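Note that these values count all heavy atoms, side chains included, but never hydrogens, waters or copies made by symmetry. Fair warning: this is a prediction, and the values are worked out from it, not measured in the lab.
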Amino acid sequence: MGNDWATFGSDLHLELSGKGLRNGLMDALREAVRSGRLAAGVRLPSSRSLAADLGVARNTVADAYAELVAEGWLTARQGSGTRVAQRSVPRSPTPPHRAPASPPPTGRPTYNLRPGTPDLASFPRAEWLRASRKALMAAPHEAFGYGDPRGRIELRTVLAEYLARARGVYATPERIVVCSGFVHGLMLIGQVLRARGVREVAVESYGLDIHWDLLGRAGIRMPALPLDEHGTRTEELGSGELAGVGAVLMTPAHQFPLGGALLPDRRAAAVDWARAAGGLILEDDYDGEFRYDRQPVGVLQGLDPERVVYLGTASKSLAPGLRLAWMVLPEHLVEEVAAAKGTVDWMSSATDQLTFAEFLASGAYDRHVRAMRLRYRRRRDQLVEAVAARSPATRVSGIAAGLHAVLRLPAGTESSVLTSAAFQGLALLGVNRFRHPTVPPTIDALVVGYATPPDSAWSGALDALMRALPEP
């Protein structure tokens with residue numbers, strides 16, 4: 001019973017403010033409805049589920065729901081749950097003021113602990129097949145022809161609702177472009193930025209070289225943002241070597257691979273720079289659904305949807321082989337990105353889009369994410385306990401969210417530990433594999449993808465990892 005919260009109900013992103021939990025919850029719900037982030041008819045989580053997610057008493061949520069029903073913001077019917085009421089309030093056009101796949105391992109390791117891949121054995125095949133059958137039976141004939149390069153309207157509609165509800169994204173179907181993975185989306189954005197005359201895009205000190213190479217092939221220079229013990233220093237944007245950048249690529253909710261969330265003042269600094277300089281923030285929300293110790297950190301895009309390009313993907317929540325990702329774009333970029341997509345990849349698979357739309361709309365996606373969140377959290381806890389018991393010189397960090405952990409090693413030992421890991425049959429990467437070429441080495445660590453092995457291999461992988469770590 002203690003872990004029921006992880007699989008019961010659906011996710012709802014709220015930021016409580018004001019005096020008192022009940023009043024703060026009511027204010028947050030009113031604002032979400034008033035701004036249009038929660039559209040009419042959207043079903044809210046049960047009082048039990050939301051209370052567990054927020055860490056408050058169930059009566060607090062039930063009383064807030066009842067008050068908002070009385071005020072006309074919500075409706076409640078037996079068997080239908082609590083939903084957002086139909087209202088005549090107009091939607092305001094402006095709201096208030098991936099990891100990325102890792103390279104395939106070489107050789108034939110016994111266990112794979114590389115980051116960037118979920119447990120593929122847990123893909124919900126039966127539920128996906130059920131959604132596929134239903135979607136195909138209901139699909140209009142025109143769905144099998146050439147369509148809108150932005151993607152199927154059915155998927156863009158349910159994505160807009162889901163992203164607003166679960167991640168705090170300001171989204172409408174018209175702003176969304178479906179693409180074939182994060183790299184495809186970044187390629188399209190890079191093409192548009194280059195056509196607009198952008199020559200420099202700032203990147204984080206640690207990230208994926210595949211992304212840097214892709215932007216480099218578009219003729220874009222990528223200076224690295226400085227890093228300190230508190231994370232990426234976005235206040236440096238617009239000054240020094242970063243004076244000429246026109247955009248910045250970031251993972252603010254869960255920095256890849258180091259694992260921290262961007263601090264509030266540095267989130268604000270990035271948005272302030274984008275507004276003042278007319279720049280763009282490219283927000284990679286690669287594993288935003290997987291946060292374990294509290295509600296997920298809201299997206300940066302909600303602070304200014306006209307200055308942030310939000311990129312999300314099903315690669316971590318479901319499987320990278322689906323090749324399903326999406327961008328939520330500033331209004332002024334939609335036509336240019338759609339035109340760029342039309343020249344290189346007119347349309348992602350319509351049947352996969354329709355299936356995913358049904359999978360989302362039916363609640364199967366929420367249920368799968370919550371079940372996997374519980375499973376991954378257990379693995380994370382087992383990893384932390386094993387390291388503490390068997391290698392106290394190793395410090396675990398970056399574990400509040402995501403599918404990987406960072407194991408900080410004694411200085412100068414990363415290379416030798418990787419050699420030992422290979423001897424133990426482990427496919428494993430060190431943090432310096434992800435270091436920007438202009439950034440000097442200052443950290444020795446392993447980036448451990450604890451979500452990657454199937455359940456049958458997890459225990460063996462964990463034991464092999466412990467044998468590779470420095471002993472007391």
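- Ser132 is linked by a side chain to side chain donor-acceptor pair (under 3.5 Å) to nothing, counting only residues two or more places apart in sequence or in another chain.
- Ring centroid separation for the pair Trp73 and Tyr65 does not come in under the 6.0 Å cut-off.
- For the ring pair (Phe, Tyr, Trp, His ring centres under 6.0 Å) test, residues two or more places apart in sequence or in another chain that qualify with Tyr162 are Tyr365.
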> Does the pair Phe256 and Phe434 meet the rule for a ring-ring contact (aromatic ring centres under 6.0 Å, His included), with working shown?
Replying inline: CA-CA 9 Å; Phe256 183 83; Phe434 304 98; 5.3 Å; yes
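- In this structure, the side chain to side chain donor-acceptor pair (under 3.5 Å) partners of Arg380, at least two apart in sequence or on a different chain, are Asp293.
- Every side chain to side chain contact (heavy atoms under 4.5 Å, CB included) that Arg408 has, sequence neighbours left out, goes to Arg395, Ser397, Val406, Ile443, Ala445.
- With sequence neighbours left out, the side chain to side chain contact (heavy atoms under 4.5 Å, CB included) criterion links Ala405 to Leu383, Val396, Ile399, Leu407, Tyr450.
- The distance between the ring centers of Tyr310 and Tyr170 does not fall below 6.0 angstrom.
- For Thr438, the side chain to side chain donor-acceptor pair (under 3.5 Å) partners are His436, not counting sequence neighbours.
- Annotation: Arg133, atom CZ; neighbour count of heavy atoms from other residues, nucleotides and ligands within 6.0 Å does not exceed 12.
- With 3.5 Å as the limit, one finds a donor-acceptor pair spanning the side chains of Glu204 and Gln255.
- For Glu174, the side chain to side chain contact (heavy atoms under 4.5 Å, CB included) partners at least two apart in sequence or on another chain are Arg150, Thr172.
- Here Glu161 pairs with nothing under the side chain to side chain donor-acceptor pair (under 3.5 Å) rule; sequence neighbours left out.
- Every residue meeting the ring pair (Phe, Tyr, Trp, His ring centres under 6.0 Å) condition with Phe123, not counting sequence neighbours, appears here in chain and number order: Trp128.
- Scored by the side chain to side chain contact (heavy atoms under 4.5 Å, CB included) test, Ser122 finds Asp119, Met372, Arg375 as partners (sequence neighbours excluded).
- Between Val448 and Pro115, the closest side-chain pair of non-hydrogen atoms is not below 4.5 Å.
- For residues 264-273, the side chain to side chain donor-acceptor pair (under 3.5 Å) pairs, not counting sequence neighbours, are Asp228-Arg266.
- At a cut-off of 3.5 Å, with distance as the only test, a side-chain donor of Thr351 or Ser349 sits close to an acceptor on the other residue.
- For Tyr111, the ring pair (Phe, Tyr, Trp, His ring centres under 6.0 Å) test picks out no residue, with sequence neighbours left out.
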